[in-house]
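Everything below concerns the one structure shown next.
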Amino acid sequence: VHCKQELGIRIPRPLGHGPSRFIPEKETIQVGNEDAMMHTLFADSFATLGRLDNVTLVMVFHPQYLESFLKTQHYLLQMDGPLPLHYRHYIGIMAAARHQCSYLVNLHVNDFLHVGGDPKWLNGLENAPQKLQNLGELNKMLAHRPWLITKEHIEQLLKTEENSWSLAELIHAVVLLTHYHSLASFTFGCGISPEIDCEGGHTFRPPSVSNYCICDITNGYHGVDEIHSTESVCEVEALMEKMKQLQECRDEEEASQEEMATRFEREKRESMFVCSSEDEESAPTRDVSRHFEDTSYGYKDFSRHGMHVPTFRVQDYSWEDHGYSLVNRLYPDVGQLLDEKFHIAYNLTYNTMAMHKDVDTSMLRRAIWNYIHCMFGIRYDDYDYGEINQLLDRSFKVYIKTVVCTPEKTTKRMYDSFWRQFEHSEKVHVNLLLVEARMQAELLYALRAITRYMT
């Protein structure tokens with residue numbers, strides 16, 4: 001047998017260290033060491049996608065959520081639905097390209113071609129059918145400024161003569177767009193590495209020390225752990241103490257309606273100005289997404305000009321009372337699948353905080369969820385927004401805001417600098433909350449506009 005070298009076959013090696021650039025490989029769940037439930041999920045994922053992708057390998061920290069996520073994604077992409085298969089993947093590309101998420105763009109380019117999509121469409125949105133081009137504006141607004149979506153935008157899509165969308169098709173498209181905007185948040189928020197078969201995921205060079213970035217060597221690739229000592233332990237204790245105090249205050253006094261409204265408006269206004277000190281421009285991408293971006297339209301310019309985000313009151317339009325039934329009516333079963341996924345992410349708990357057991361973390365989970373919705377202008381009347389500043393410190397807010405609004409700017413430093421004493425699985429859990437809260441916020445604005453159009 002000839003050795004492969006003699007045959008001239010170049011064998012690619014993975015370029016990264018495991019599925020995430022933020023989580024040391026030895027701390028992820030290794031294939032082969034998974035339990036029975038995880039094994040089933042890996043098999044399902046492989047059967048559906050034809051690969052075991054890095055998103056799955058990081059999400060499997062939370063098997064119950066992963067199961068719901070895979071079921072939903074499979075339904076959206078592959079089961080009976082209003083849109084043809086190649087449209088579904090193309091819409092995934094459009095959505096992921098809003099955040100220059102080459103990881104997701106590359107996966108869906110392959111899938112798009114695999115189901116018979118026209119390669120010419122990949123040269124940019126102007127090469128796709130007019131019907132898909134018409135979706136471009138809604139894609140941009142959903143990704144960056146969903147509060148601007150009106151029933152007129154919906155009407156334009158449904159009423160154009162020969163390229164019109166049906167209501168069912170539009171719901172399918174909206175769910176896909178919001179799914180991939182928020183999945184781009186997860187991909188950047190957890191530092192997902194490129195797949196081996198995609199650009200940036202492999203090398204043909206022999207293994208050597210040059211494989212490491214020189215800054216990894218000087219900083220000690222896994223060397224962050226030593227700094228964690230006392231300071232961070234105090235951080236966890238302090239957070240638990242605050243939760244206890246807030247619980248006691250809740251039981252004692254209730255703020256007036258006016259005061260509650262003021263606290264919300266203050267938090268919403270402040271959230272506009274939360275930004276990281278390392279707000280450098282991201283490097284231009286070489287992949288397909290460059291053909292889809294209108295980079296002049298993003299979150300940043302909006303917040304810089306101090307424009308106003310109107311308040312969206314949940315008691316006037318909520319997922320539970322309005323959005324869920326609308327989706328289920330026009331795209332059967334999907335409302336149910338999304339509802340399960342929202343509930344699992346929101347209620348997921350192992351009753352631990354870092355090294356502490358038997359902790360009720362519901363107050364903290366609610367603060368994270370409501371802070372994200374607050375950035376989108378969404379208000380829960382019965383929630384005291386004063387709790388957010390008590391529970392989420394500045395570095396955590398910077399991380400949340402970046403991952404939700406401009407995920408392509410997320411850095412390892414941001415990931416490392418919040419909740420330093422917590423487990424990686426807990427930080428991944430935070431990302432599940434960010435994904436689902438973002439997706440629900442975008443959906444609420446789109447579905448409200450559709451409801452207004454229908455009535």
Side-chain angles (χ1 to χ4, degrees), residues 94-95 98-99 135-158 170-171 173-182 184-185 261-275 294 296-324 326-327 338 342 368-381 383 385 388 397 400-407 433-455:
M94 287 172 65
R98 282 307 325 150
H99 292 302
L135 197 62
E137 192 62 24
L138 185 66
N139 180 26
K140 287 196 308 203
M141 291 166 77
L142 269 175
H144 307 295
R145 310 178 197 173
W147 47 87
L148 297 179
I149 297 170
T150 63
K151 69 172 198 267
E152 284 72 30
H153 293 110
I154 303 304
E155 190 172 8
Q156 280 165 6
L157 289 165
L158 298 171
L170 186 58
I171 291 281
V174 161
V175 174
L176 282 166
L177 290 171
T178 56
H179 175 82
Y180 282 105
H181 293 155
S182 47
S185 283
T262 307
R263 286 175 190 177
F264 169 78
E265 291 300 333
R266 185 187 305 132
E267 192 58 59
K268 182 176 76 172
R269 203 170 50 247
E270 281 176 10
S271 78
M272 299 293 302
F273 299 103
V274 169
C275 66
D294 164 7
S296 63
Y297 193 104
Y299 185 89
K300 185 175 68 182
D301 318 307
F302 167 82
S303 51
R304 206 161 271 173
H305 299 151
M307 296 178 208
H308 179 63
V309 180
T311 293
F312 180 121
R313 295 173 67 210
V314 166
Q315 78 262 43
D316 299 337
Y317 196 94
S318 70
W319 166 254
E320 289 76 15
D321 299 335
H322 307 91
Y324 168 78
L326 176 63
V327 174
L338 293 175
F342 291 146
I368 295 168
W369 185 278
N370 287 3
Y371 180 60
I372 295 157
H373 278 192
C374 175
M375 296 188 310
F376 285 96
I378 297 170
R379 177 178 174 214
Y380 297 85
D381 274 15
Y383 183 70
Y385 287 84
I388 288 174
K397 281 183 168 181
I400 293 174
K401 169 89 180 271
T402 307
V403 172
V404 172
C405 299
T406 49
L433 286 168
L434 306 193
V435 163
E436 297 305 329
R438 174 180 184 179
M439 183 171 184
Q440 194 183 90
E442 287 188 22
L443 276 173
L444 282 174
Y445 280 109
L447 297 173
R448 182 179 68 169
I450 292 171
T451 300
R452 285 176 173 173
Y453 165 80
M454 290 165 71
T455 49

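Side-chain atoms of His153 and Leu157, non-hydrogen and from C-beta on, never get closer than 4.5 Å to each other. Within the 4.5 Å cutoff, no side-chain heavy atoms of Arg98 are placed close to those of Leu142. Looking at Met94 and Tyr180, their side chains never come closer than 4.5 Å, going by heavy atoms from C-beta outward. When side chains are defined from C-beta on, Glu137 counts as touching Met141, because their heavy atoms get closer than 4.5 Å.
Residue pairs that meet the side-chain hydrogen bond (donor to acceptor under 3.5 Å, both in side chains) test with at least one member in residues 443-455, sequence neighbours left out, are Tyr317-Thr451.
Put simply, CZ on Arg145 and SG on Cys405 are 11.5 Å apart, with the number rounded to the nearest 0.5 Å. Between the CG atom of Leu444 and the CH2 atom of Trp147 there is a distance of 13.5 Å, given to the nearest 0.5 Å. Atoms CD1 and OG, from Ile400 and Ser185 in turn, are 12.0 Å apart once rounded to the nearest 0.5 Å. We find the NZ-CG distance between Lys151 and Leu158 to be 13.0 Å, quoted to the nearest 0.5 Å. The CZ atom of Phe342 sits 12.5 Å away from atom CG of Leu433, with the distance rounded to the nearest 0.5 Å. The line from CD of Glu152 to CD of Gln156 is 8.0 Å long, rounded to the nearest 0.5 Å.
Taking Glu270 as the reference, nothing meets the salt bridge (charged side-chain N to carboxylate O under 4.0 Å, His left out) condition, with sequence neighbours excluded. The side chain to side chain contact (heavy atoms under 4.5 Å, CB included) search around Thr402 returns Val398, Thr406, Lys409, Thr410, Met414, not counting sequence neighbours. Listed by chain and residue number, nothing satisfies the salt bridge (charged side-chain N to carboxylate O under 4.0 Å, His left out) test with Asp321 (two or more places apart in sequence, or in another chain). Taking the ring-ring contact (aromatic ring centres under 6.0 Å, His included) definition, one finds that His181 meets it with nothing, sequence neighbours left out.
Thr178 and Met439 make their closest contact through OG1-CE, 3.4 Å (heavy atoms, listed as atom of the first residue, atom of the second, distance). Of all heavy-atom pairs spanning Ala449 and Ile149, the tightest one is CB-CG2, 3.8 Å. Between Ala184 and Pro407, the shortest heavy-atom distance links the atoms O-CB, 4.1 Å.
Checked by atom type and distance alone, the side chain of Lys268 pairs as donor or acceptor with a backbone atom of Val309 at under 3.5 Å. Checked by atom type and distance alone, the side chain of Lys397 never pairs as donor or acceptor with a backbone atom of Ser271 at under 3.5 Å. Side-chain N or O atoms of Asp381 include none that pairs as donor or acceptor with a backbone N or O of Gln315 at under 3.5 Å.
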Before you tell me yes or no, could you show the steps for Leu447 and His322 under side-chain contact (heavy atoms from CB on, under 4.5 Å), namely the whole-Å CA-CA distance, both residues' side-chain angles and the distance that decides it to 0.1 Å?
CA-CA 8 Å; Leu447 297 173; His322 307 91; over 6 Å; no
side-chain contact (heavy atoms from CB on, under 4.5 Å), that's the test. Do Leu138 and Val174 meet it? Break it down for me.
CA-CA 9 Å; Leu138 185 66; Val174 161; 3.9 Å; yes
Run Val435 and Val403 through side-chain contact (heavy atoms from CB on, under 4.5 Å) and show every step you take.
CA-CA 9 Å; Val435 163; Val403 172; over 6 Å; no
Check the pair Val314, Tyr383 against side-chain contact (heavy atoms from CB on, under 4.5 Å), reporting the backbone distance first and the verdict last.
CA-CA 11 Å; Val314 166; Tyr383 183 70; over 6 Å; no
Result block: side-chain N/O donor-acceptor pairs under 3.5 angstrom for residues 370-378, not counting sequence neighbours:
from: His373; atom 1: ND1; to: Tyr380; atom 2: OH; distance (Å): 2.8
from: His373; atom 1: NE2; to: Ala437; atom 2: O; distance (Å): 2.9

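Using a cutoff of 4.0 Å between basic side-chain nitrogens and carboxylate oxygens, Arg379 and Glu267 are not scored as salt-bridged. A salt bridge is absent between Glu265 and Arg269; no separation between the charged side-chain nitrogens and carboxylate oxygens falls under 4.0 Å.
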